[in-house]
Amino acid sequence: QVQLVESGGGLVQAGGSLRLSCAASGTIFSINFMGWYRQAPGKQRELVAGIATGNTTNYADSVKGRFTISRDNAKNMMYLQMNSLKPEDTAVYYCKMDVRRQASGPHFQYWGQGTQVTVSS
């Protein structure tokens, strides 16, 4: 099996910064797409930032210029540096990875359990 564990969430004042981490463990041959998603109360889960195997990144318009996604393939880790945080960034943040467990096998999607980010005004 594969497990994803997020860390780094918490309470921060508006304008502050947080760095989220996501660690993947288990039987992993390779990881293709990695992404950070968030879900605020009463809203649908949305993609915040994604990073592909070649380090191509994409961001939601609402976080461009403030958030930076990165990955460490050797450690099966993903990060999200969040700067200039706003109250509207408050949500539960989830990481997702598309994992290949065998050299010739398909990719499966795995999700973390989520970490709360709260930005006070």
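All residue numbers refer to positions in the sequence shown, counting from 1.
Proximity of Leu4 to Glu6: side-chain heavy atoms (C-beta onward) are nowhere separated by under 4.5 Å. Using a 4.5 Å cut-off on side-chain heavy atoms (C-beta onward), Lys96 and Gln109 make contact.
Legend: residues meeting side chain to side chain donor-acceptor pair (under 3.5 Å) with Asp61, ordered by chain and number and at least two apart, are Lys64. With sequence neighbours excluded, the residues that form a side-chain contact (heavy atoms from CB on, under 4.5 Å) with Gln1 are Gln3, Tyr110. Residues forming a side-chain contact (heavy atoms from CB on, under 4.5 Å) with Thr57 (at least two apart in sequence, or on another chain): Ile51, Tyr59, Ile69. Taking the side chain to side chain donor-acceptor pair (under 3.5 Å) definition, one finds that Ser70 meets it with nothing, sequence neighbours left out.
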Report the C-alpha separation of Phe67 and Val48 in whole Å, then their side-chain angles, then the decisive distance to 0.1 Å, and conclude whether the side chain to side chain contact (heavy atoms under 4.5 Å, CB included) test is met.
CA-CA 9 Å; Phe67 291 10; Val48 175; 3.6 Å; yes
Just do the side chain to side chain contact (heavy atoms under 4.5 Å, CB included) check on Val2 and Ile28 with the steps written out, would you?
CA-CA 7 Å; Val2 174; Ile28 299 171; 4.1 Å; yes
Going through the checks in order, is the side chain to side chain contact (heavy atoms under 4.5 Å, CB included) test met by Asn76 and Ile31?
CA-CA 8 Å; Asn76 293 327; Ile31 303 175; 3.6 Å; yes
Would you sort out whether Met78 and Met97 count as a side chain to side chain contact (heavy atoms under 4.5 Å, CB included), showing the intermediate values?
CA-CA 9 Å; Met78 175 177 60; Met97 296 185 183; 4.0 Å; yes
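The two atoms that bring Thr27 and Arg101 nearest to each other are O-CG, 3.3 Å, heavy atoms only. Heavy atoms only, all atoms of each residue included: Met34 and Asn73 are closest at CE-OD1, 4.3 Å. Of all the heavy atoms in His107 and Ser30, the pair that sits closest is NE2-OG, 4.2 Å.
Summarising the hydrophobic clusters (Ile, Leu, Val, Met, Phe, Trp, Tyr; side-chain heavy atoms under 4.5 Å, direct or chained), the residues clustered with Met77 are Tyr79.
Residue pairs meeting the salt bridge (Lys or Arg N to Asp or Glu O under 4.0 Å) criterion with at least one partner in residues 67-78, sequence neighbours excluded, do not occur; the list is empty. For residues 14-55, the ring pair (Phe, Tyr, Trp, His ring centres under 6.0 Å) pairs, not counting sequence neighbours, are Tyr37-Trp111. Here side chain to side chain donor-acceptor pair (under 3.5 Å) pairs that include residues 84-95, with residues two or more places apart or in two chains, are Arg38-Asp89, Arg38-Tyr93, Arg66-Asp89. Among residue pairs with one or both ends in residues 39-95, those qualifying as disulfide (SG to SG under 2.5 Å) are Cys22-Cys95; sequence neighbours excluded. Each disulfide (SG to SG under 2.5 Å) pair with one or both residues in residues 31-81, not counting sequence neighbours, would appear here, but there are none. Applying the disulfide (SG to SG under 2.5 Å) test to every pair with at least one member in residues 51-83, sequence neighbours left out, gives no pairs at all.
Panel note: side chain Glu46, backbone Gln39; no donor-acceptor pair is recorded below 3.5 Å.
No path of Ile, Leu, Val, Met, Phe, Trp and Tyr side chains, each step under 4.5 Å between heavy atoms, connects Val92 with Leu80, placing them in separate hydrophobic clusters.
Here the OG-CD distance, from Ser21 to Gln81, works out to 9.5 Å after rounding to the nearest 0.5 Å. With rounding to the nearest 0.5 angstrom, the CE atom of Met82 is 4.5 Å from the CG atom of Leu18.
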Please output the side-chain donor-acceptor pairs of residues 114-121 that fall under 3.5 Å, not counting sequence neighbours, one pair per line with the distance.
{"from": "Thr115", "atom 1": "OG1", "to": "Gly9", "atom 2": "N", "distance (Å)": "3.4"}
{"from": "Gln116", "atom 1": "NE2", "to": "Ala91", "atom 2": "O", "distance (Å)": "3.4"}
{"from": "Gln116", "atom 1": "NE2", "to": "Thr118", "atom 2": "OG1", "distance (Å)": "3.3"}

